[in-house]
Amino acid sequence: MMGFGPVRPEHDDKRFHADWERRALAMVVATGATGCWTIDAARHARESLPPGEYLTSSYYEIWTRGLEALLVDAGLVTADELAQGRLLGAGDTLTHVLRPGDVAQVLAAGSPYDRPVAKPARFAMGDWVRTRNLHPAGHTRLPRYARAKEGVIERLHGGFVFPDTNAHGAGECPQWLYTVRFEARELWGDSADPAHTVAIDAWESYLDPA
């Protein structure tokens, strides 16, 4: 984003910068396993932070603040309890609890999101498409920089849960999922390196024929 400086990638072996970040990840995983919200609702909670707060927060600060919003929305804690850092009433009994001994197995198994789709795919590999110029009020996985841009389908993944509805309790509504490759100059203009490309995963309702 303009004005926020370059992206500085870190080595993969540096996952945490402080012990509290390890605990933040553990809390997000443990509470997500309760089934009180979907992975897409969790992403939306993080993305819904005020822009100034989001852009000036570290990765796990964003995760922690998003988790606080999810806990309040689900009724698992109150805003007063968060502010005071302690329980102020009787807690709920959760149906699904991630036990310490089950963590490795649960993480290894993952959570598959592929689903059957009733109708055939609209596009095929090699088709040229144009992303729609969408500005939804809710969650979306279509990046702003890739809207109203032309690219080519380079992979068809199959049917997957549609995040835009799943984030808001409106159902999984599975759609075909594609990888779309864009030339850098299509996204960033004439100053971009012509040898570079960017690929994104895009659901079918994001796309029209070019």
Side-chain angles (χ1 to χ4, degrees), residues 1-88 91-92 94 98 100 103 106-107 110-111 113 131 133-147 149 160-170 182 184 187-188 192 196 198-203 206:
M1 181 173 290
M2 293 290 290
F4 281 84
V7 175
R8 302 188 186 280
E10 296 181 335
H11 293 293
D12 289 342
D13 59 355
K14 191 174 183 179
R15 295 185 175 92
F16 305 104
H17 298 85
D19 285 342
W20 73 264
E21 293 185 342
R22 298 174 185 270
R23 296 194 298 273
L25 174 59
M27 287 191 297
V28 169
V29 172
T31 54
T34 66
C36 293
W37 51 77
T38 66
I39 189 173
D40 299 305
R43 289 191 176 114
H44 180 64
R46 294 191 284 268
E47 294 163 357
S48 297
L49 295 173
E53 181 179 345
Y54 184 96
L55 293 170
T56 57
S57 298
S58 69
Y59 184 78
Y60 283 110
E61 285 174 342
I62 291 171
W63 274 42
T64 300
R65 289 164 183 162
L67 177 58
E68 290 174 347
L70 290 166
L71 292 169
V72 172
D73 288 344
L76 298 181
V77 302
T78 67
D80 287 341
E81 287 173 330
L82 280 177
Q84 297 187 34
R86 62 189 181 92
L87 188 67
L88 297 177
D92 290 336
L94 296 172
L98 181 58
V103 171
V106 169
L107 292 182
S111 300
Y113 290 93
T131 54
N133 190 15
L134 304 174
H135 297 273
H139 181 63
T140 185
R141 297 299 297 275
L142 179 61
R144 188 177 299 277
Y145 66 80
R147 297 175 191 175
K149 305 294 183 180
F160 281 81
V161 172
F162 186 45
D164 300 40
T165 55
N166 198 43
H168 303 287
F182 303 88
L187 300 177
W188 314 118
H196 289 173
V198 175
I200 69 168
D201 288 337
W203 275 260
Y206 297 163

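We're numbering straight along the sequence, starting at 1. The analysis underlying the following values was restricted to heavy atoms, covering all of them including side chains, and did not include hydrogens, waters or symmetry mates.
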Kindly compute the distance separating CE (M27) from CG (L71), expressed to the nearest 0.5 Å. 8.5 Å

Is there a donor-acceptor contact under 3.5 Å from the side chain of T34 to the main chain of T31? yes

For the student: nearest non-hydrogen atoms of A79 and V72, plus distance: N-CG2, 4.2 Å

Give the minimum heavy-atom separation between T38 and A167, together with the two atoms involved. OG1-CA, 4.2 Å

As a quick check of understanding, evaluate salt bridge (charged side-chain N to carboxylate O under 4.0 Å, His left out) for E81 and R86, giving each step before the final call. CA-CA 5 Å; E81 287 173 330; R86 62 189 181 92; over 6 Å; no

Output for pair (H17 NE2, S58 OG), nearest 0.5 Å, gives 8.5 Å

Can you check whether R43 reaches R141 side chain to side chain, under 4.5 Å on heavy atoms? yes

Could you state the interatomic distance from CG (N166) to CH2 (W37), rounded to the nearest 0.5 Å? 14.5 Å

Taking atom CG of L49 and atom NE2 of H44, what is their separation to the nearest 0.5 Å? 10.5 Å

How many angstroms lie between atom CD of E21 and atom CD of E61, to the nearest 0.5 angstrom? 8.0 Å

Is the ring pair Y60/W20 parallel, tilted or perpendicular, if the boundaries are 30 and 60 degrees? perpendicular

Rounded to the nearest 0.5 Å, the CZ atom of R147 sits from the OG1 atom of T131 at a distance of 9.0 Å

Do Y206 and D164 pass the side-chain hydrogen bond (donor to acceptor under 3.5 Å, both in side chains) test, and can you show the C-alpha distance, the side-chain angles, and the key distance before you say yes or no? CA-CA 11 Å; Y206 297 163; D164 300 40; 2.6 Å; yes

Derivation and outcome, side chain to side chain contact (heavy atoms under 4.5 Å, CB included), residues V103 and V29: CA-CA 9 Å; V103 171; V29 172; 5.6 Å; no

Heavy atoms only: give me the nearest L98-A30 pair and the separation to one decimal. CD2-CA, 4.2 Å

Apply the test side chain to side chain contact (heavy atoms under 4.5 Å, CB included) to residues I39 and S111: give CA-CA distance (whole Å), side-chain angles for both, the deciding distance (0.1 Å), then the verdict. CA-CA 10 Å; I39 189 173; S111 300; over 6 Å; no

Can you find a heavy atom in the side chain of Y145 that is under 4.5 Å from one in the side chain of I200? yes

With side chain to side chain contact (heavy atoms under 4.5 Å, CB included) as the test, would you mind laying out the steps for C36 and D73 before giving the verdict? CA-CA 10 Å; C36 293; D73 288 344; over 6 Å; no

Taking everything shown except D19 itself, do over 12 heavy atoms lie less than 6.0 Å from its CG? no

For a side chain to side chain contact (heavy atoms under 4.5 Å, CB included) check, start with the C-alpha distance between V161 and W203, then their side-chain angles and the critical distance, and finish with the verdict. CA-CA 9 Å; V161 172; W203 275 260; over 6 Å; no

What about the rings of H168 and H139, do their centers lie closer together than 6.0 Å? no

When you measure from the centre of the six-membered ring of W63, is the NZ or CZ of R46 closer than 6.0 Å and no more than 45° off the axis? yes

So, do T64 and E68 sit near enough that their side-chain heavy atoms are less than 4.5 Å apart? yes

